[in-house]
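Please read all numbers here as calculations on a predicted model, not as lab measurements. Each chain gets a letter, A, B and so on, in the order the sequences are listed, and its residues count up from 1.
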Amino acid sequence: MIAFSPENESKFQTLLTKYETKRSVLLPALHLAQEQWGFISPEIMVFLATKLDIPPAHVYEVVAFYTMFRKKDMGQYFLQVCNNITCTMMGSEEIIAAVREELGIGLNEMTEDKMFSLVPVQCLGSCDTAPVIQVNEDYFEKLSPETVKSLIRKLRSGEKVESQEERC
Amino acid sequence: MLAKEKQVLLRHIDTPELKKISVYEDTGGYQALKKALTMKPDEIIEEVKKSGLRGRGGAGFPTGMKWSFVPFNSGKPIYLLCNADESEPGTFKDRVIIEKNPHNLIEGIIISSYAVRCNKSYIYIRGEYAYGARVLQKAVEEAYAKGYLGKNILGSSHSLELVVHRGAGAYICGEETGLISSLEGKKGYPRLKPPFPAVQGFLECPTVVNNVETLSTIPWILNNTGAEYAKYGKEKSTGTRLYCLSGWLNKPGTYEDVLGMPLKELLETHGGGMKNGAKLKAVIPGGSSTPPLTPEEVDKMTMDYDDVGKYGTFLGSGGVIVIPEHFCLLKLLERLTEFYWDESCGQCTPCREGTGWLYKIIEGIYHGHGKESDIADIKKTAGNMMGTTICALSDAAAMPVLGYLKKFPHEFEAHIKTGKCPYGETH
């Protein structure tokens, strides 16, 4: 039986008080579900549809529409590399090549140990610090092939990597 | 160059811990709110009209006028939605306000909500700005604790509930009606206008949608008057704005300066000129949807709403992208057309199909498979995409492609004639 953790259930109940309609709670509820399970499976979609009193079809179409909702397991570290105009101009192709060299995976692939996956994303709104990668929810900016390799090595070895909060 | 002490938005941005409410208050924060609550809502709208402030999200619609379209006595609740879905490639200014000065935005929202008689407001922030959402959430909680949000703000009759709502990765949700659909828990499908959101928006109620930078300007206007704000810039292009400089520059970043400043000066002074002394090829003046400028045009153009029209482009979102001579424009267009194809919501046929065709043709030319007939096909496809859809995404995808074709035809021709990329791009 699928259920939110007690902590997330309480967050979900708070969300219900903040919005005018239950359907409006769908996006925040999906974020919460993704935090708990890592991705949104068909079972989770039905679970949320039931909790929000909306048809499963409405949940499916929303999950499909928004790119941040992962439809499958993306591993522990989800590397999202911007390949829009400015990042491309400033070297995102070299960043992708460096990740491939370091991890042996290309775009839309996951390492066998399920530790890393790499996807291309659209502009992350950080063009002045291009090229940029978002790892799970944290931005890593002004990257070079060397710094992205070093970042991956740190993540793999469990060495401390400063979060965006700590850097800002 | 606008002196620091004259800045409207970034004057205090380097103050350590500005995101804390006490630090914001020490810089004069929340004084404008106190003043606003002694005024009548209509007086605030008048003041904003006098300022000449135009929406900084991209469309440039006069803010005070937008507010005055709201039917205040419809009996329905009125909503104020802050558009923080900053997703236009080349744009990263709202992020600076959100992450470093969230209370400036919150104060702007509270004042604006009072002006438009709204008691419930949402900040719709793009999902990728997870850090920004956490900063905002904390700031909102601080504002509640201080009595700036909630019931009877500072003892007045005005109440406001403010919710930080995260998007989930969809460019189209930055379009105001797409944003409304998304906030209702649906796919971000834009809606036909009219009815305009001011009359029928979120949950079919009167709704004002304003950009982060726009709302963050309101406290300054209240503190200093609309007339003072209108002294900055030019007639019809009053005030200051945030310029996002990116690309091949020595000092990319977010800078505040007046509207109507020469583009050349913006790039030289704030941007520090071309990186490594490279030669300039083109500039995108206001985010990826705005057609590009040639170096000759860059020398002449000023950043105001009227002058840009002479060069067939727009001020847009303030995202200025600088392209050096060595960067292939077909490569740029291949990225750009793929972006619009990826982000088209799929609702209207001209956009859903047209963005795919543009991408396919451009990709072919870039990869050396172009044909002479491609040029006519681009023009025909792009032509069919303009003015034929519910929202402006289709136009935003077609216009720049036509702009590059018109101003840089030789780049297309060189790829088509030689069957390869003249910049040595290998595929």
Review point. Which is it for K138(B) and E165(A) under the salt bridge (charged side-chain N to carboxylate O under 4.0 Å, His left out) test, yes or no, and what are the steps along the way?
Key: CA-CA 13 Å; K138(B) 199 166 177 196; E165(A) 258 93 350; over 6 Å; no

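- The parts of I323(B) that come within reach of chain A are both its backbone and its side chain, each placing non-hydrogen atoms under 4.5 angstrom from that chain.
- Taking 4.5 Å as the limit, some side-chain heavy atom of F327(B) sits within range of a side-chain heavy atom of T88(A).
- Around NZ of K154(A), the count of heavy atoms belonging to other residues, nucleotides or ligands within 6.0 Å does not exceed 12.
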Exercise for review: I would like to know whether S163(A) and Y131(B) meet side chain to side chain donor-acceptor pair (under 3.5 Å); could you show each step before the answer?
Suggested key: CA-CA 10 Å; S163(A) 69; Y131(B) 169 67; over 6 Å; no

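- Taking NZ of K18(A) as the reference point, atom CG of L162(B) lies at 9.5 Å (rounded to 0.5 Å).
- Between chain A and the options K251(B), K186(B), K275(B), K93(B), heavy-atom pairs under 4.5 Å are most frequent for K186(B).
- No other option in E343(B), K120(B), K100(B), E338(B) has as many heavy-atom pairs under 4.5 Å with chain A as K120(B).
- By the 4.5 Å heavy-atom criterion applied to side chains, Y66(A) and S182(B) are counted as neighbours.
- Contacts between Y171(B) and chain A at a heavy-atom distance below 4.5 Å are absent for every atom of the residue.
- For chain A, no part of E334(B) is nearby; none of its heavy atoms comes within less than 4.5 Å.
- With a 6.0 Å radius and a threshold of 12 heavy atoms from other residues, nucleotides or ligands, R167(A) has its CZ atom above the threshold.
- In this structure, E325(B) places its CD atom where more than 12 heavy-atom neighbours from other residues, nucleotides or ligands lie under 6.0 Å away.
- Counted within 6.0 Å of NZ on K76(B), heavy atoms from surrounding residues, nucleotides or ligands total more than 12; the atom is thus considered enclosed.
- Proximity to chain A at a heavy-atom threshold of 4.5 Å picks out I284(B), S288(B) from residues 283-293 of chain B, in numerical order.
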Point to revise | Evaluation steps, side-chain contact (heavy atoms from CB on, under 4.5 Å), between D128(A) and Y255(B) | key: CA-CA 11 Å; D128(A) 55 338; Y255(B) 301 96; over 6 Å; no

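- Using a 4.5 Å cut-off between heavy atoms, S126(A) touches chain B through backbone and side chain atoms alike.
- Contacts with chain B were tallied for V59(A), L52(A), L26(A), T67(A); T67(A) has the most, counting heavy-atom pairs under 4.5 Å.
- V322(B) touches chain A through its backbone: at least one of N, CA, C or O sits under 4.5 Å from a heavy atom, while the side chain does not.
- Not one N or O on the side chain of H165(B) forms a donor-acceptor pair closer than 3.5 Å with the backbone of V25(A).
- Heavy-atom pairs under 4.5 Å with chain B peak, among S24(A), A29(A), A64(A), at S24(A).
- Within the 4.5 angstrom heavy-atom criterion, atoms from both the backbone and the side chain of E128(B) approach chain A.
- Among M68(A), H58(A), Q34(A), the residue with the largest count of heavy-atom pairs under 4.5 Å with chain B is M68(A).
- Among G188(B), C244(B), A130(B), the residue with the largest count of heavy-atom pairs under 4.5 Å with chain A is G188(B).
- Residues R166(B) and E137(A) are paired through a salt bridge, judged by an N-O separation under 4.0 Å between the basic side chain and the carboxylate.
- Y124(B) is listed as a side-chain neighbour of L27(A), based on a closest heavy-atom distance under 4.5 Å.
- Contacts with chain A were tallied for R335(B), R134(B), R95(B), K187(B); K187(B) has the most, counting heavy-atom pairs under 4.5 Å.
- Ranked by heavy-atom pairs shorter than 4.5 Å toward chain A, the options G127(B), G169(B), P252(B), G253(B) are led by G169(B).
- In terms of heavy atoms, P89(B) sits closest to C123(A) at CA-SG, 3.6 Å.
- The greatest number of non-hydrogen atom pairs below 4.5 Å with chain A, out of G319(B), G247(B), G346(B), C173(B), is found for G247(B).
- In the displayed structure, E112(A) atom CD is contacted under 6.0 Å by at most 12 heavy atoms of other residues, nucleotides or ligands.
- Only the side chain of I321(B) comes within less than 4.5 Å of a heavy atom of chain A; its backbone N, CA, C and O stay farther away.
- Interface residue Y19(A): backbone and side-chain heavy atoms are both found under 4.5 Å from chain B.
- Atom NZ of K279(B) is surrounded by 12 or fewer heavy atoms from other residues, nucleotides or ligands within 6.0 Å.
- M89(A) places a side-chain heavy atom less than 4.5 Å from the side chain of P324(B).
- Ranking T21(A), I54(A), L30(A), L124(A) against chain B, the residue ahead of the rest is L124(A), based on heavy-atom pairs under 4.5 Å.
- Taking OH of Y79(B) as the start and CD of E20(A) as the end, the distance is 3.5 Å to the nearest 0.5 Å.
- Most heavy-atom pairs under 4.5 Å with chain B: of the set Q122(A), E61(A), Q164(A), this distinction falls to Q122(A).
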